[in-house]
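FYI, side chains are in, hydrogens and waters are out, and symmetry mates aren't considered; it's all heavy atoms of this structure. Here is the naming used below: chain letters follow the sequence lines, and residue numbers restart at 1 for every chain.
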Amino acid sequence: MRGRRIRAALVHEARLRWPVSADLNATLAGQRVLAVQRRAKYLLLRLTRGTLLVHLGMSGNLRLLPQASARLKHDHVEIQLDSGLALRLNDPRRFGSVLYTSEDPLAHPLLRELAPEPLEEGFDGAYLHAVTRRRRVAIKLLLLNSRLVTGVGNIYASEALLHARIRPRRAARTLKVADCTRLAAAIRRVLGAAIRAGGTTLRDYVGADGEPGYFRQRLYVYERAGLPCRRCRTPIRQITQGQRSTYYCPQCQQ
DNA sequence: ACGCCCTCCTGTTGGC
DNA sequence: TGCCAACAGGAGGGCG
């Protein structure tokens, strides 16, 4: 998309996680895409005069395809380019978002307080140790708090804790430096491996290339309740934390 | 400040 | 076959 000019923006359904601006077309038309970036799980389309922030939520998907191609059910927003292609957001659950800001996007209220990038410098045991002090919340729930850790969703939280050998219900404040060092390394390793595998397709996720991700085959605990742990063969347990499923190995994770 | 719960929404699955 | 409840990849908001 870089270098293309936006011809028009169509909003078929404005009721996403946040209402899509009614002025989106007037705002975007004529602007050029200068760069495409990412911050946590937000995509940033840097435009001539501002930035379009896109979040896929749980079920969102972006496709870049000929503008004339048929619109699918749940195609909510379409950005038409001067190349004849159009970027379409399809999102059955509508937990995604499309927001425009003319200010510094990193200063936007939704991005301003996000935690450091886990794959950048500075995300290490010392960082995790610092943010887990005096927090009674279970470490697995802390990993889902985007003000403290970004990039780790429900799948990778369970996976990282398995690799770090930490029980998901353990109070964050009880983690020692050594635990935090293993956990930071496990998070980086899991995210890196998942990215290289193209992501984790549970049902219908496909990447920008239209291909599913293959990390599901490499999951150690997620969705494996009752199945043998891939490290020690002990049956994997499933529990609920914050109304979401957590999986862990009672033998490997102490 | 923290921690917990609720919410948004549609689609799929499993039990009866 | 139909109906209903439970659950699903996220994460902000409000409350105590």
Practice prompt. Return the set of residues passing salt bridge (Lys or Arg N to Asp or Glu O under 4.0 Å) with A:R32 (not counting sequence neighbours), or none when no residue passes.
Written response: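 By the salt bridge (Lys or Arg N to Asp or Glu O under 4.0 Å) rule, A:R32 matches no residue at all.
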Worksheet entry | All salt bridge (Lys or Arg N to Asp or Glu O under 4.0 Å) counterparts of A:D75, not counting sequence neighbours |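 Only A:R63 meet the salt bridge (Lys or Arg N to Asp or Glu O under 4.0 Å) criterion with A:D75.
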Where at least one partner belongs to [range], residue pairs that pass ring pair (Phe, Tyr, Trp, His ring centres under 6.0 Å), sequence neighbours excluded:
{"range": "residues 219-254 of chain A", "value": "A:H163-A:Y220, A:Y222-A:Y247"}
{"range": "residues 26-73 of chain A", "value": "A:Y42-A:H55"}
{"range": "residues 167-192 of chain A", "value": "none"}

Worksheet entry | Side-chain H-bond candidate by donor/acceptor type, A:Q31 with A:R5, under 3.5 Å |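 Note: A:Q31 and A:R5 side chains miss the donor-acceptor criterion.
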Discussion item. Count I, L, V, M, F, W, Y as connected when their side-chain heavy atoms are under 4.5 Å apart, and connections chain through other members. Are A:L62 and A:I195 then in the same cluster?
Written reply: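 Shared cluster, no.
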Practice prompt. Kindly determine whether A:D179 and A:K176 satisfy salt bridge (charged side-chain N to carboxylate O under 4.0 Å, His left out), including the steps that lead there.
Written response: CA-CA 5 Å; A:D179 297 317; A:K176 311 299 182 198; over 6 Å; no
Discussion item. Could you spell out the base pairing of DNA chain B as a dot-bracket line? Use Watson-Crick and G-U wobble contacts where both distances are under 3.5 Å, [ ] for crossing pairs, | for partners on a different strand.
Written reply: .|||||||.|||||||
Discussion item. Going by ring-ring contact (aromatic ring centres under 6.0 Å, His included), name the residues that satisfy it together with A:F123, two or more places apart in sequence or in a different chain.
Written reply: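 Expected list: A:Y127.
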Worksheet item: Looking only at atom P, what distance separates B:dC5 and C:dC7, rounded to whole Å?
Response: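 Their P atoms lie roughly 15 Å apart.
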Fill in: P atoms of B:dT7 and C:dA5, separation to the nearest Å
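Per the computed distance, 16 Å lies between those P atoms.
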Discussion item. Can you tell whether the side chains of A:R7 and A:D82 come within less than 4.0 Å, N to carboxylate O?
Written reply: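 Looking at A:D82 together with A:R7, the answer is no, because their closest N to O distance does not fall below 4.0 Å.
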Worksheet item: Is A:R38 salt-bridged to A:E117, cutoff N-O under 4.0 Å?
Response: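 Salt bridge flag = yes for A:E117 with A:R38.
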Without placing hydrogens or testing angles, list every side-chain donor-acceptor pair under 3.5 Å for residues 143-157 of chain A, not counting sequence neighbours.
{"from": "A:N145", "atom 1": "OD1", "to": "A:R147", "atom 2": "N", "distance (Å)": "3.0"}
{"from": "A:R147", "atom 1": "NH1", "to": "A:E113", "atom 2": "OE1", "distance (Å)": "2.9"}
{"from": "A:T150", "atom 1": "OG1", "to": "A:P116", "atom 2": "O", "distance (Å)": "3.4"}
{"from": "A:N154", "atom 1": "OD1", "to": "A:K140", "atom 2": "NZ", "distance (Å)": "2.5"}
{"from": "A:N154", "atom 1": "ND2", "to": "A:S245", "atom 2": "O", "distance (Å)": "3.2"}
{"from": "A:Y156", "atom 1": "OH", "to": "A:T200", "atom 2": "OG1", "distance (Å)": "2.8"}

Worksheet entry | DNA chain C contacts made by residues 124-140 of chain A, counting heavy atoms under 4.0 Å |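 Going residue by residue through residues 124-140 of chain A, none turns out to have a heavy atom under 4.0 Å of DNA chain C.
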Discussion item. Strictly under 4.0 angstrom, non-hydrogen atoms only: write out the protein contact profile of nucleotides 7-16 of chain C, one letter per nucleotide from the 5' end, B, S or -.
Written reply: -BBBSBS---
Discussion item. For chain A and DNA chain B, what are the first and last nucleotides along the strand, 5' to 3', with at least one atom under 4.0 angstrom from a heavy atom of the protein chain?
Written reply: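 Contacts span B:dC2 to B:dT12, reading 5' to 3'.
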Worksheet item: Which hydrophobic side chains are connected to A:M58, either touching it within the sub-4.5 Å cutoff or through other members that do?
Response: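 A:F95, listed by chain and number.
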